Amino acid sequence: MPEMLEVEAYRLAAEPVVGRTISTVSAPDQWYVKGGSTPSQLVEMLPGKRVIAVRRVGKLMLVDTDGPVIGLRYGMTGRILVDGGGPIDRLEYSSDRNDPAWDRFALSFEGGGSLVLRDPRRLGGIELDPDEDRLGPDAGVVGLAAFRKVLSGSSLALKARLLDQNKIAGLGNLLVDDMLYRAAVAPDRPVNTLAADEVARLHKAMRRTLAILGRRGGSHTGDLQPVRMRGGHCPKDGTELRRGDVGGRTTYWCPLHQT
DNA sequence: CCGGATGTTCACCT
DNA sequence: GAGGTGAACATCCG
């Protein structure tokens with residue numbers, strides 16, 4: 001997905017629909033509607049409801065209404081279109097084509113305008129009243145003390161724990177690799193071997209990574225991104241990067257300075 | 001043609 | 001329960 005930086009861009013783009021009233025709903029894909037709801041329930045329940053706010057926790061976007069909360073997940077290739085336009089035209093690993101056949105969910109509003117979720121690979125989803133409590137604290141706001149709790153009581157690999165949305169919400173594959181690169185910590189370190197100063201370094205690196213990549217324009221603008229390939233070299237010291245599977249995801253890191 | 005890509009969930013192991 | 005693995009979803013790119 002879009003990781004949290006992209007979802008935040010989507011959230012911002014959706015702000016203009018706050019205050020509008022939903023007129024019609026399109027949910028053509030049953031598989032895309034999660035959490036035990038059915039497309040027909042959405043189509044019945046949402047028209048007439050007014051949008052109160054658009055929020056985000058981690059990678060989950062939440063549209064508050066005076067009825068149910070609408071939860072939007074973007075998977076890896078989901079984009080938002082608001083009143084016909086989108087904040088991100090080109091998405092890494094998605095399609096440059098722009099086929100309305102990939103519209104998995106759409107709201108139309110009284111007086112005009114729309115909010116559309118366009119998702120080629122269909123990895124995202126819609127859920128009414130999603131359980132927000134299952135998510136860990138948002139990576140953008142979590143403080144050092146809470147972050148220490150995230151990284152405690154487990155022998156799991158560091159990267160696997162950082163990707164666990166129930167422990168800390170918002171980080172994806174690219175953001176984690178870049179923050180670990182900056183923090184100079186190896187992704188396969190068991191969480192319970194991290195020293196207190198390393199955890200502090202990770203927290204600082206996470207915040208810097210989010211700020212810098214946010215400014216640059218997204219999760220794909222990390223320092224590791226240009227060399228994220230077989231045979232890539234560390235921008236810091238020129239060492240050939242290691243490539244491996246950590247936490248079930250392809251991972252690149254520098255074997256020299258990330259320890 | 002094949003493998004792999006910003007993700008999540010579920011089944012099935014140990 | 002914790003943790004690992006592989007499959008599933010569908011499309012594009014090298």
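So that the names make sense, note that chain A is the first sequence line, chain B the second, and so on, each numbered from 1. These numbers come from a predicted model, not from an experiment.
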Could you measure between the two P atoms, the one in C:dG14 and the one in B:dT6, and give it in whole Å?
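About 15 Å, rounded to a whole number of Å.
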Could you give the [atom1]-to-[atom2] distance, from [X] to [N], as a whole number of Å?
X	N	atom1	atom2	result
A:Ile126	C:dC9	CD1	P	20 Å
A:Arg230	C:dG14	CZ	P	15 Å
A:Asn98	C:dA10	CG	P	19 Å
A:Arg73	B:dT6	CZ	C1'	16 Å
A:Leu163	C:dG3	CG	P	14 Å
A:Asp178	B:dT6	CG	P	13 Å
A:Asp177	B:dA5	CG	P	11 Å
A:Met229	B:dA5	CE	C1'	14 Å

Please report the shortest heavy-atom distance between A:Ala157 and A:Asp188, naming the atom on each side.
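Shortest heavy-atom separation between A:Ala157 and A:Asp188 comes out as CB-CA, 4.1 Å.
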Under the ring pair (Phe, Tyr, Trp, His ring centres under 6.0 Å) definition, can you give me all pairs with a residue in residues 137-160 of chain A, not counting sequence neighbours?
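Every pair satisfying ring pair (Phe, Tyr, Trp, His ring centres under 6.0 Å) with a residue in residues 137-160 of chain A: A:Phe147-A:His203.
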On the nucleotide [N], are OP1 or OP2 found under 4.0 Å from the side-chain N or O atoms that [X] carries?
X	N	value
A:Arg228	B:dT6	yes
A:Thr250	B:dA5	yes
A:Lys34	B:dT8	no
A:Arg122	B:dT9	no
A:Thr77	C:dA10	no

Looking at C:dA10, which nucleotide sits across from it as a Watson-Crick or G-U wobble partner, both distances under 3.5 angstrom, or is there none?
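Result: none.
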Identified pairing partner of B:dT6, criterion: Watson-Crick or G-U wobble below 3.5 Å:
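Its partner: none found.
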Should the heavy atoms of other residues, nucleotides or ligands under 6.0 Å from CZ of A:Arg216 be counted, would the total exceed 12?
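Yes, because the 6.0 Å sphere around CZ of A:Arg216 holds more than 12 heavy atoms from other groups.
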With the side chain of [X] defined as its heavy atoms from C-beta on, choose the nearest nucleotide among [options].
X	options	answer
A:Arg243	B:dT8, B:dG4, C:dA10	B:dG4
A:Trp31	C:dC9, C:dG3, B:dT8	C:dC9
A:Pro120	C:dT11, B:dT9, B:dT6	C:dT11
A:Ser155	C:dG3, B:dT8, C:dC9	C:dG3
A:Met76	B:dA5, C:dA10, B:dT9	B:dA5
A:Trp102	C:dC9, B:dT9, C:dC12	C:dC12
A:Arg121	C:dA10, B:dT9, C:dG4	C:dA10

Does A:Ala186 offer a backbone N or O that forms a donor-acceptor pair with the side chain of A:Gln258 under 3.5 Å?
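Absent.
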Chi class for B:dT8: syn within 90° of 0, otherwise anti
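Glycosidic conformation of B:dT8: anti.
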Tell me whether A:Arg79 is salt-bridged to A:Glu6, with the criterion being a basic N under 4.0 Å from an acidic carboxylate O.
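Salt bridge absent between A:Arg79 and A:Glu6.
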Salt bridge or not for A:Arg182 and A:Asp223, using N-O below 4.0 Å?
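Yes, charged N to carboxylate O under 4.0 Å.
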Does A:Leu123 reach a base, just sugar-phosphate, or nothing at all? Heavy atoms under 4.0 Å.
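The residue A:Leu123 makes base contact.
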